[in-house]
Protein chains: 2
Amino acid sequence: MNTYCKFETALDILIGKWKPVILLRLLNHGTMRFSELQKSIPDITKKMLTQQLRELEYHDIVHREVYKEIPPRVEYSITDYGQRMTPLLQAMNDWGVNHIAHLQELYGEEQVE
Amino acid sequence: MNTYCKFETALDILIGKWKPVILLRLLNHGTMRFSELQKSIPDITKKMLTQQLRELEYHDIVHREVYKEIPPRVEYSITDYGQRMTPLLQAMNDWGVNHIAHLQELYGEEQVE
DNA sequence: AAACGTAGTATCGAAAAATATACCTTAAGC
DNA sequence: GCTTAAGGTATATTTTTCGATACTACGTTT
């Protein structure tokens, strides 16, 4: 009854069209400013980028540093707490890679979705 | 560029209002027939239950055993392959539990969502 | 004084996904 | 001819997500 009840919490902060991409960018890139992120993610709108970053910030995964300059500069990075999430991401990734292979074994080369 | 690219695969088979609950039931309970599952999950409709079970079956997480009887009997269980997913679920759960505590540290006792 | 650049916000609405509702089937047993 | 178990199907509704557009603020540059 009480095992695995909260794994949805981990899901919550990862789902969505953009959160994974944003996370990947910041993990591989270190600190990035808003416009860099936007340029590096094709088709994302400011609104989506802002929205997703705020959610990640709320969860203490992403740090937002505002520089009081004109024109404004805002830099984003993964927090220390966020870094501690990488083993989980790695585990999920490993499982995913393996699962894709598993599906191909089961269903052959047809597109596996 | 190529690290953590597939962790969305793991997400995919877990998201949804019902998949986690169904998984939990089957993990804790072993084999269950359709009607047992339905009774044990308040408010789920047949259609939703069927739909989710089929998806889990496609991913080889859940096994579906049909007994050719009248009235029909169909039993569901976690496959061996599905069992091998439990460490990941456990890891996600642990992270989730910890994260909830982390949020409460940050934001206090107000409802944390 | 008008335009520029950055990092947004605000609002509306379309599109997509998730979920619900209602009704149909099958074949044995009472 | 009604019930039962495990669905199927078709339609409807709700919810969530995503996108398009316009607008703001502020100092600097032209």
Side-chain angles (χ1 to χ4, degrees), chain A residues 7-26 29-59 61-78 113, chain B residues 7-26 29-59 61-78 113:
Chain A
F7 71 88
E8 290 181 81
T9 310
L11 291 182
D12 282 348
I13 79 142
L14 295 173
I15 34 186
K17 185 173 171 186
W18 303 112
K19 286 221 197 72
V21 205
I22 295 173
L23 239 35
L24 291 181
R25 288 290 184 289
L26 290 175
H29 235 267
T31 299
M32 294 177 81
R33 52 192 300 192
F34 188 85
S35 52
E36 287 183 289
L37 274 167
Q38 199 180 358
K39 269 168 220 150
S40 84
I41 302 176
D43 298 335
I44 198 172
T45 60
K46 294 130 138 329
K47 185 200 166 188
M48 277 300 112
L49 186 51
T50 308
Q51 198 177 92
Q52 306 301 303
L53 282 168
R54 291 298 143 84
E55 287 179 37
L56 291 168
E57 193 192 355
Y58 171 83
H59 284 281
I61 306 293
V62 157
H63 173 69
R64 176 165 180 264
E65 183 78 36
V66 184
Y67 296 87
K68 286 227 155 272
E69 308 171 359
I70 297 290
R73 180 158 62 104
V74 181
E75 291 185 343
Y76 294 91
S77 54
I78 304 288
E113 271 294 315
Chain B
F7 71 88
E8 290 182 81
T9 310
L11 291 182
D12 283 346
I13 80 141
L14 295 173
I15 33 185
K17 185 173 172 186
W18 304 112
K19 286 223 197 70
V21 206
I22 295 173
L23 240 35
L24 291 181
R25 288 290 185 287
L26 290 175
H29 236 269
T31 299
M32 293 177 83
R33 51 192 301 191
F34 188 86
S35 53
E36 286 183 289
L37 274 167
Q38 200 181 356
K39 268 168 221 150
S40 85
I41 303 175
D43 297 336
I44 199 171
T45 61
K46 292 124 118 5
K47 192 199 164 190
M48 274 300 110
L49 185 52
T50 308
Q51 200 177 91
Q52 307 300 304
L53 282 169
R54 290 300 143 84
E55 288 178 37
L56 292 168
E57 192 193 356
Y58 171 83
H59 284 281
I61 306 294
V62 158
H63 173 69
R64 176 166 181 262
E65 183 78 36
V66 184
Y67 296 87
K68 286 227 156 277
E69 306 171 0
I70 296 291
R73 179 159 62 102
V74 181
E75 291 185 346
Y76 295 91
S77 54
I78 304 287
E113 274 293 316

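The shown structure was predicted, so the numbers you read here are calculated from the model rather than taken from an experiment. Order of the sequence lines fixes the chain letters, A, B, ..., with proteins taken first and strands second; residue numbering starts at 1 for each chain.
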Between [atom2] of [N] and [atom1] of [X], the distance in whole Å:
X	N	atom1	atom2	answer
B:Glu75	D:dA5	CD	P	14 Å
B:Lys68	C:dA27	NZ	P	10 Å
B:Leu53	C:dT19	CG	P	14 Å
A:Gln51	D:dT17	CD	P	9 Å
B:Gln38	C:dT19	CD	P	16 Å
B:Ile15	D:dT15	CD1	C1'	15 Å
A:Arg73	D:dA25	CZ	P	23 Å
A:Glu36	C:dG5	CD	P	17 Å

Test side chain to side chain contact (heavy atoms under 4.5 Å, CB included) on A:Leu37 and A:Leu53 and set out the steps.
CA-CA 10 Å; A:Leu37 274 167; A:Leu53 282 168; 4.1 Å; yes
For A:Ile70 and A:Gly16, find the nucleotide of DNA chain D closest to each by heavy atoms; which residue's nucleotide sits nearer the 5' end?
A:Gly16
Quick check: on DNA chain D, is the nucleotide nearest A:Asp43 upstream (toward 5') of the one nearest B:Pro71, or the reverse? Name the residue that is more 5'.
B:Pro71
Check every strand shown and say whether A:Tyr76 touches a base, only sugar-phosphate, or nothing at a heavy-atom separation below 4.0 Å.
sugar-phosphate
Do A:Lys39 and A:Glu36 meet the salt-bridge criterion of a basic N to acidic O distance under 4.0 Å?
no
Check the phosphate of D:dA5 against B:Arg33, side-chain N and O only, distance under 4.0 Å to OP1 or OP2. Yes or no?
no
Check whether any side-chain N or O of B:Thr45 sits under 4.0 Å from OP1 or OP2 of C:dT19, and answer yes or no.
no
Between the side-chain atoms of A:Lys46 and the base atoms of C:dA7, is any donor-acceptor pair under 3.5 Å?
yes
Measure from the side-chain N and O atoms of A:Arg25 to the backbone N and O of A:Ile41, and report whether any donor-acceptor pair falls under 3.5 Å.
no
Shortest side-chain distance from [X], nucleotide among [options]:
X	options	result
B:Val74	C:dG8, C:dT6, D:dG7	D:dG7
B:Arg54	D:dG19, D:dG8, D:dA6	D:dG8
A:Met48	D:dA6, D:dC18, C:dT19	D:dC18
B:Lys47	C:dA10, D:dA6, C:dT19	C:dT19
A:Lys17	D:dA5, D:dG19, C:dA7	D:dG19

Interatomic distance, NZ@A:Lys19 vs CG@A:Leu24, rounded to 0.5 Å, equals 13.5 Å
Decide side chain to side chain contact (heavy atoms under 4.5 Å, CB included) for B:Tyr76 and B:Ile22; before the verdict, give the C-alpha distance in whole Å, the side-chain angles of both, and the deciding distance to 0.1 Å.
CA-CA 10 Å; B:Tyr76 295 91; B:Ile22 295 173; over 6 Å; no
